[in-house]
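Note that these values count all heavy atoms, side chains included, but never hydrogens, waters or copies made by symmetry. Convention: sequence-line order gives letters A, B, ...; per-chain numbering from 1.
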Protein chains: 2
Amino acid sequence: MSGKKGFTYEYARPALTVDCVVFGFGGGELEVLLIERGLDPYVGWWALPGGFVRVGEDLGEAAGRELSEEAGIDAGYLEQLGAFGAPGRDPREHVVSVAYWALVRPGDYRLAAATDAVAARWHGVGELPRLAFDHGAIVGVAVERLRARVRHQPVGFNLLPEKFTLTELQTLYEAILGEGLDKRNFRKRVLALDLLTALPEERREGAHRPAQLFRFDPDKYARLERRGFHFEL
Amino acid sequence: MSGKKGFTYEYARPALTVDCVVFGFGGGELEVLLIERGLDPYVGWWALPGGFVRVGEDLGEAAGRELSEEAGIDAGYLEQLGAFGAPGRDPREHVVSVAYWALVRPGDYRLAAATDAVAARWHGVGELPRLAFDHGAIVGVAVERLRARVRHQPVGFNLLPEKFTLTELQTLYEAILGEGLDKRNFRKRVLALDLLTALPEERREGAHRPAQLFRFDPDKYARLERRGFHFEL
DNA sequence: TGACTTAGTGTCGCTCACACACGAAAAGGG
DNA sequence: CCCTTTTCGTGTGTGAGCGACACTAAGTCA
């Protein structure tokens, strides 16, 4: 293999990587962050940002590091999705990957490809290209997880700018769930949760009535979360 | 390290293991299968069955293999729980473990410790000893997952013998959820799901009215599962 | 000032979740 | 044989919440 020192173990070991499924929301559609690979295998293919785990490094930290290195994104909150370890998923050798997922506000970052990525871009989940390795399957699992999660925890707010209108929020939910929602019922329920604070501002754009702006209130959420809680859309 | 050949890699790699949280139901309590370790580290401590993943082996298969080797159990269905990879979780070196969980009918197996386990035994989840590594935390995550799952999918039947009474089923649910349930509502809902078949037998035991026996019907379940579905306890 | 566009609001019917108590059947003992 | 004990098995009423549904409000632009 390599002529240099190397690391020797008594038994063979699979390699260990992390991959990140980063969701964003733009143009009324749910998007995933992909990088274009600059190295073999799968040069030129789109793939999830990720890379090898270093010895002594926590898995979550490795995911955060790779995300920052390859795409210039600092996701505050990464949650583990699971381990993917089918023997043939990497053509080189047996590579086990621990996948993470995160939600970010696309506007907060300027994507910057680096390391072994030649490009980093948002792709609508509905129109993904063929992905390298088993990354297509990983994205599928992540989308499922997001859909399940969004119904029971107020995660959606992490995808919107700090100030948003209820219509924007509803559009987001519809994009994630892939189904239309009733406007009045949606507003009723969201406001009943008492997680939003109405701002003294409105969004005026276009030839129509301006919309009230809201802000997600983490304090209220923390308080509710403490005494059990239920969301249900 | 070892004087023999060994396997050399350009970069250092964490070791990769699998661990299994196997749930059973006995004596009115939810139980977990533990083995007593016969090797360093943590000799003599109780731990989850598990071991190193071989190169070229699927993660789920590795979990099944270790479970069968160390405890003599063939769990039909193993589901992944997640990867645990904090750097200090194994005192020897950086070891990342992918945890799986399963439900079995304790009566179906005669526990047989082997390989590096000197004993295999069921332990009530309420009275677990101190566990090796971070296995205590892993069990905690598994219990949470089981609780969440049991409310939305009819997993409970995998823990009971083929024929069971509704009271037994209710006792199981109460043990898993850790709370009492109303008898009439429980029976109403369970029967309304139309997943059980009443058998032409009764269980006569003790000085009281005999109880109707039921069987879980996988066909009915498959049919329901196909057209969406909801359980909610 | 009229046309257009999106924002914002309330009611009603129905279903479903939950609380709740007693007769039925069998066994065992006096 | 009868009385006691124990668990099995069953129905109703009420209140809360979900879902369906249509019109007015406010602003812009021509």
Side-chain angles (χ1 to χ4, degrees), chain A residues 27-28 150-152 154 156 160-161 163-175 177-215 224 227-233, chain B residues 27-28 147-148 150-154 160-161 163-175 177-215 224 227-233:
Chain A
V150 87
R151 288 187 181 277
H152 298 286
L160 291 175
K163 303 171 181 181
F164 52 86
T165 68
L166 290 184
T167 302
E168 287 167 346
L169 184 63
Q170 181 176 351
T171 309
L172 168 62
Y173 269 73
E174 289 174 340
L177 296 174
E179 57 178 320
L181 302 173
D182 180 84
K183 186 168 154 183
R184 285 182 284 193
N185 292 334
F186 181 81
R187 299 165 91 93
K188 211 186 313 171
R189 260 175 280 178
V190 169
L191 292 178
L193 291 174
D194 192 32
L195 290 174
L196 303 185
T197 305
L199 299 171
E201 317 167 47
E202 298 177 327
R203 167 160 305 163
R204 231 178 309 127
E205 69 173 12
H208 55 80
R209 178 173 178 175
Q212 177 70 239
L213 282 170
F214 291 85
R215 181 169 59 75
L224 280 184
R227 44 172 140 139
F229 182 43
H230 219 56
F231 195 102
E232 201 54 40
L233 178 107
Chain B
R147 282 196 183 142
V150 87
R151 287 185 183 277
H152 298 287
Q153 281 182 25
L160 290 175
K163 304 171 180 181
F164 52 86
T165 69
L166 289 184
T167 302
E168 287 167 344
L169 185 63
Q170 181 176 350
T171 309
L172 167 62
Y173 270 73
E174 288 174 342
L177 296 174
E179 57 179 321
L181 302 174
D182 180 83
K183 187 166 152 185
R184 286 182 285 191
N185 292 334
F186 181 81
R187 299 166 93 90
K188 209 186 315 170
R189 259 174 282 179
V190 169
L191 292 178
L193 291 174
D194 192 32
L195 290 174
L196 302 185
T197 305
L199 300 170
E201 317 167 47
E202 297 178 325
R203 167 160 304 164
R204 230 178 308 128
E205 66 173 13
H208 55 81
R209 179 174 178 177
Q212 176 70 240
L213 282 170
F214 290 85
R215 182 170 58 76
L224 281 183
R227 44 171 141 139
F229 182 43
H230 218 58
F231 196 102
E232 201 54 41
L233 179 104

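- Put simply, CG on Leu181(B) is 11 Å from P on dA19(C), counting in whole angstrom units.
- Among the heavy atoms of the strands, none lies under 4.0 Å from Thr165(B).
- By the 4.0 Å N-to-carboxylate-O rule, Glu179(A) lies close enough to Arg151(A) to be salt-bridged with it.
- Within the model, atoms CZ of Arg209(A) and CD of Glu202(A) stand 8.0 Å from one another, a figure rounded to the nearest 0.5 Å.
- In this structure, the CZ atom of Arg189(A) is 16 Å from the C1' atom of dT9(C), given to the nearest Å.
- Leu193(B) has its CG atom 13 Å from the P atom of dC16(C), to the nearest Å.
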Exercise for the section: Let me have a per-nucleotide readout for nucleotides 22-30 of chain C, 5' to 3', with B, S or -, counting only protein heavy atoms under 4.0 Å. Expected result: -BBBBB---
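- Panel note: side chain Glu174(B), backbone Leu181(B); a donor-acceptor pair is recorded below 3.5 Å.
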Table of protein N/O atoms under 3.5 Å from nucleotides 10-15 of chain C N/O atoms:
residue, atom, partner, partner atom, Å
dT11(C), O4, Lys188(A), NZ, 3.1

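- Rounded to an integer number of Å, the gap from Arg151(A) CZ to dC18(D) C1' is 14 Å.
- Rounded to the nearest 0.5 Å, atoms OG1 (Thr197(A)) and NZ (Lys163(A)) are 12.5 Å apart.
- No donor-acceptor pair under 3.5 Å is formed between the side chain of Glu201(B) and the backbone N or O of Gln212(B).
- Closest of all the heavy-atom pairs between Asp182(B) and Gln170(B) is C-NE2, 4.0 Å.
- Taking atom CZ of residue Phe186(B) and atom P of nucleotide dC16(C), one finds them 19 Å apart after rounding to whole Å.
- Atom CG of residue Leu199(B) and atom OG1 of residue Thr165(B) lie 11.5 Å apart, to the nearest 0.5 angstrom.
- The phosphate of dT6(C) has neither OP1 nor OP2 within less than 4.0 Å of any side-chain N or O from Arg203(A).
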Handout entry: Leu195(B) and Val190(B): CA distance, side-chain angles, deciding distance, side-chain contact (heavy atoms from CB on, under 4.5 Å) verdict
Key = CA-CA 8 Å; Leu195(B) 290 174; Val190(B) 169; over 6 Å; no
